[in-house]
Amino acid sequence: MKTKAYIPYLFVAPALMLFSVFMLYPIISSLIMSFQSGQGANLAFVGIDNYKRLMSDEIFHKALKNTFILLIIQVPIMVLLALILSSILNSALLRMKGFFRVTFFLPAVTSLVAYSIIFSIMLMNDGVINQVLAAVGLDAIPWLNDPFWAKASLILAMTWRWVGYNMVIYLAGLQNIPEEMYEAASMDGASKVRQFFSITIPQLKPVILFTVVLSTIGTLQLFDEPFVLTKGGPSDATLTIGMYLYQTGFRYFDFGYASTIAYVIVVLIAIMTFIQFKVTGDQE
């Protein structure tokens, strides 16, 4: 007290209290709840029964499969498109860079629910997209009523929203690549495509890893788009783990089992992140 060493802790205390109440307590409480079962607040300790139930839950298996299909297809498409767009918008030959950058980034600041509703209207049987297809003599596509096309609709919507977000991150990374590297490659006769794969991608490796990890986490937690766009249908074809967690907890009020699903998502995120760091060779 004489040295007033406690004063810094007084300034940190409000933040620590908020973190403990709104972050630490829910994390610990949900972990304890994952070992309980019952309806609403009437929970009883059941050990690892919830985890055993999860292993034989066919709906969870289907939700897990749907989530990984979206992850494996959508994330690479989005990352590649973002890389290509960022390289084009970083070119010294392009004019009105600011306009194009803002245009491609705008979808990232739109409301998740709002843009999902807009896409659901556009992808209806008599929506704008099918009307355009009919105008050029093509058959209408059951975007939201067919299992394959429903997944394609989600991938299309998510790609539209998140490509610009990742593009801006890559643009920031491109600013740190010395121009001399490209000049030396040009003098050696390397084409633009060769420079892209031999200079741009290797130099952006940490940034690409960052965006892939974020995209993986976001996809494993995916909820808004399938909830608004497809309602998880048809026949659970677009049911994700996040949607199944929501249904279990807030439709059937089985909070113990919902907490178990939540912690499985946490484990999956940790495993996928570890694999991505291993594959890219980053050990830190």
Side-chain angles (χ1 to χ4, degrees), residues 70-123 127-133 135-136 138 141 143 151-187 189-219 222 224-225 228-229 280:
L70 296 173
L71 173 66
I72 293 169
I73 297 175
Q74 191 267 335
V75 172
I77 292 175
M78 177 185 62
V79 169
L80 182 60
L81 286 176
L83 278 169
I84 294 172
L85 283 174
S86 62
S87 297
I88 294 173
L89 295 182
N90 194 52
S91 173
L93 301 176
L94 183 69
R95 295 185 178 182
M96 298 179 65
K97 291 182 183 179
F99 170 77
F100 289 112
R101 290 176 182 180
V102 171
T103 301
F104 283 111
F105 182 71
L106 275 178
V109 298
T110 59
S111 167
L112 284 167
V113 175
Y115 101 89
S116 298
I117 292 175
I118 292 172
F119 265 85
S120 67
I121 296 172
M122 292 172 59
L123 296 172
V128 174
I129 295 180
N130 278 338
Q131 289 179 16
V132 172
L133 292 176
V136 296
L138 298 176
I141 296 175
W143 294 101
K151 288 187 180 70
S153 300
L154 285 179
I155 292 171
L156 179 65
M158 290 188 295
T159 301
W160 176 84
R161 189 178 197 275
W162 295 110
V163 162
Y165 177 84
N166 288 285
M167 179 202 71
V168 170
I169 296 176
Y170 294 148
L171 273 171
L174 287 171
Q175 308 302 315
N176 295 320
I177 301 178
E179 189 63 31
E180 291 79 7
M181 297 182 68
Y182 293 103
E183 294 175 357
S186 298
M187 293 177 64
S191 64
K192 293 296 182 181
V193 176
R194 181 63 183 274
Q195 292 177 32
F196 178 77
F197 286 102
S198 299
I199 298 177
T200 303
I201 292 182
Q203 290 295 315
L204 287 180
K205 182 181 175 182
V207 183
I208 294 173
L209 175 63
F210 172 73
T211 57
V212 169
V213 169
L214 284 184
S215 300
T216 300
I217 293 172
T219 305
L222 187 63
D224 299 80
E225 288 88 346
V228 177
L229 197 60
T280 57

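Numbers here are sequence positions counted from 1. Just so it is clear, the values below take in all heavy atoms, side chains as well, and ignore hydrogens, waters and symmetry mates.
Judged as a side chain to side chain contact (heavy atoms under 4.5 Å, CB included), and not counting sequence neighbours, P202 has no contacts. Residues passing the side chain to side chain donor-acceptor pair (under 3.5 Å) test with S198 are R194, sequence neighbours excluded. Remark: D224 engages no residue in a side chain to side chain donor-acceptor pair (under 3.5 Å) (not counting sequence neighbours). The side chain to side chain contact (heavy atoms under 4.5 Å, CB included) check on V213 picks up L209, I217, T273, Q276, F277, with sequence neighbours excluded.
Between F119 atom CZ and L154 atom CG the span is 10.5 Å, to the nearest 0.5 Å.
Within the structure, the ring-ring contact (aromatic ring centres under 6.0 Å, His included) test picks out no pair touching residues 95-114 (sequence neighbours left out).
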With a 3.5 Å cut-off and sequence neighbours excluded, list the donor-acceptor pairs that the side chains of residues 70-88 form with protein atoms.
{"residue": "S86", "atom": "OG", "partner": "A82", "partner atom": "O", "Å": "3.0"}
{"residue": "S86", "atom": "OG", "partner": "L83", "partner atom": "O", "Å": "2.8"}
{"residue": "S87", "atom": "OG", "partner": "L83", "partner atom": "O", "Å": "3.0"}

Atom pairs and distances, side-chain donor-acceptor, residues 108-118, under 3.5 Å, sequence neighbours left out:
{"residue": "T110", "atom": "OG1", "partner": "P107", "partner atom": "O", "Å": "2.6"}
{"residue": "S111", "atom": "OG", "partner": "V113", "partner atom": "N", "Å": "3.4"}
{"residue": "S111", "atom": "OG", "partner": "A114", "partner atom": "N", "Å": "3.4"}
{"residue": "Y115", "atom": "OH", "partner": "E225", "partner atom": "OE2", "Å": "2.7"}
{"residue": "S116", "atom": "OG", "partner": "L112", "partner atom": "O", "Å": "2.7"}

Which pairs would a plain distance check flag for residues 165-173, meaning a side-chain donor or acceptor within less than 3.5 Å of a matching protein atom at least two apart in sequence or in another chain?
{"residue": "N166", "atom": "ND2", "partner": "W162", "partner atom": "O", "Å": "2.9"}
{"residue": "Y170", "atom": "OH", "partner": "T211", "partner atom": "OG1", "Å": "2.5"}

Check residues 176-187 and write down every donor-acceptor pair under 3.5 Å in which the side-chain atom is one partner and the other belongs to a residue at least two apart or another chain.
{"residue": "Y182", "atom": "OH", "partner": "T200", "partner atom": "OG1", "Å": "2.7"}
{"residue": "S186", "atom": "OG", "partner": "Y182", "partner atom": "O", "Å": "3.0"}
{"residue": "S186", "atom": "OG", "partner": "Q195", "partner atom": "NE2", "Å": "3.0"}

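Annotation for K192: atom NZ does not count as buried by contact number, only 12 or fewer foreign heavy atoms lying within 6.0 Å.
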